[in-house]
Amino acid sequence: HCSIMQVDTITKIEQELAKCRPYGSVYLAAHPFRNEYYFIGDTKEQSSLYRLSLEDGQANVEHIPCTGYCEYPNRDIAVSPDGKHLALTRRANRFSEDLYVLNLDSMEERRLTHQQVDIIGISWHPSSQHILMASVDSGKRSGYLVDIEQGEKALLRIENFGSPSRVTTDGTVYYHS
């Protein structure tokens, strides 16, 4: 059983807002300006993307329809700093996973990588024009800066680059190795 929860840290009162994927890692991404959260949930056919909106104390869960490569399960998600895009990864099999970007206004989706092997983390650059992506290929960790407009990926020359957790406004990256 997996739930998206809200807790008041003063009263310690918990409230279940939505159900999420009952196995594996749960990815939850907060919108930077709106009271919205994005998460991966499961339907009978596939893993699906959902938007959880909180208005006047009420949780509203909306399924975001997949527009391409829907046969692959969703994994990691991250909202851009400007709130306009959602980065997500989908895994075809354990040797093929790719990065996608979803425009949150038009709901248009684009595939940015092709057969990337194993993506172990994504994080947005403060410009909202690039995504930092960590992947493992043949046991070697590598980092990439992916341009969301051109789809070009530049290899970061950082040895043993693990999952990026934060990129500051000056471009400093915090990650584990």
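Quick note: numbers below take in every heavy atom, side chains included, and nothing from hydrogens, waters or symmetry partners. Not measured: the values here are computed from a predicted model.
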Looking only at atom types and distance, does a side-chain atom of [X] sit under 3.5 Å from a main-chain N or O of [Y], one as donor and one as acceptor?
X	Y	value
D147	E149	yes
W124	L132	no
T89	D76	yes
D98	Q115	yes
S128	D82	yes
E97	D118	no
R110	I148	yes
S80	H85	yes
S127	Q129	yes

Any [X] side-chain heavy atom under 4.5 Å of [Y] side chain:
X	Y	value
M107	L102	yes
Y175	F161	yes
V79	E36	no
S96	R91	no
V167	S123	yes
L49	I40	yes
L52	N60	no
Y38	H31	yes

hydrophobic_cluster_shared for L145 and I158, side chain cutoff 4.5 Å: yes

Cluster overlap V173 with L156, hydrophobic side-chain contacts below 4.5 Å: yes

Which value, rounded to the nearest 0.5 Å, describes the distance between [X] atom [atom1] and [Y] atom [atom2]?
X	Y	atom1	atom2	value
E55	S53	CD	OG	6.0 Å
Y27	R75	OH	CZ	5.0 Å
E16	M5	CD	CE	6.0 Å
N74	C66	CG	SG	6.5 Å
L86	I64	CG	CD1	7.0 Å

Side chain to side chain contact (heavy atoms under 4.5 Å, CB included) between K153 and L112, intermediate numbers included: CA-CA 9 Å; K153 65 179 187 178; L112 298 176; over 6 Å; no

Minimum heavy-atom distance [X]-[Y], with the two atoms named:
X	Y	answer
H125	P81	O-CG, 3.6 Å
I122	I119	CG2-CG2, 4.0 Å
I77	L88	CG2-CB, 3.8 Å
L17	V61	O-CG2, 4.0 Å
S163	G121	OG-CA, 3.5 Å
T169	P126	CA-CG, 3.7 Å

Does a sphere of radius 6.0 Å around [atom1] in [X] hold more than 12 heavy atoms from other residues, nucleotides or ligands, not counting ones at 6.0 Å or beyond?
X	atom1	answer
E62	CD	yes
R34	CZ	yes
D170	CG	yes
F33	CZ	yes

Test of ring centre spacing under 6.0 Å for Y100 and Y69: yes

Side chain to side chain contact (heavy atoms under 4.5 Å, CB included) evaluation trace for Q116 with M133: CA-CA 10 Å; Q116 187 60 49; M133 175 182 75; 3.6 Å; yes

Qualifying residues under ring pair (Phe, Tyr, Trp, His ring centres under 6.0 Å), relative to Y144, sequence neighbours excluded: none

L155 and R157: CA distance, side-chain angles, deciding distance, side chain to side chain contact (heavy atoms under 4.5 Å, CB included) verdict: CA-CA 6 Å; L155 177 65; R157 306 237 180 257; 3.2 Å; yes

R90/E109 ion pair, N-O < 4.0 Å: yes

Intermediate values then yes/no, side chain to side chain contact (heavy atoms under 4.5 Å, CB included), R51 and Y37: CA-CA 6 Å; R51 178 184 7 240; Y37 301 86; over 6 Å; no

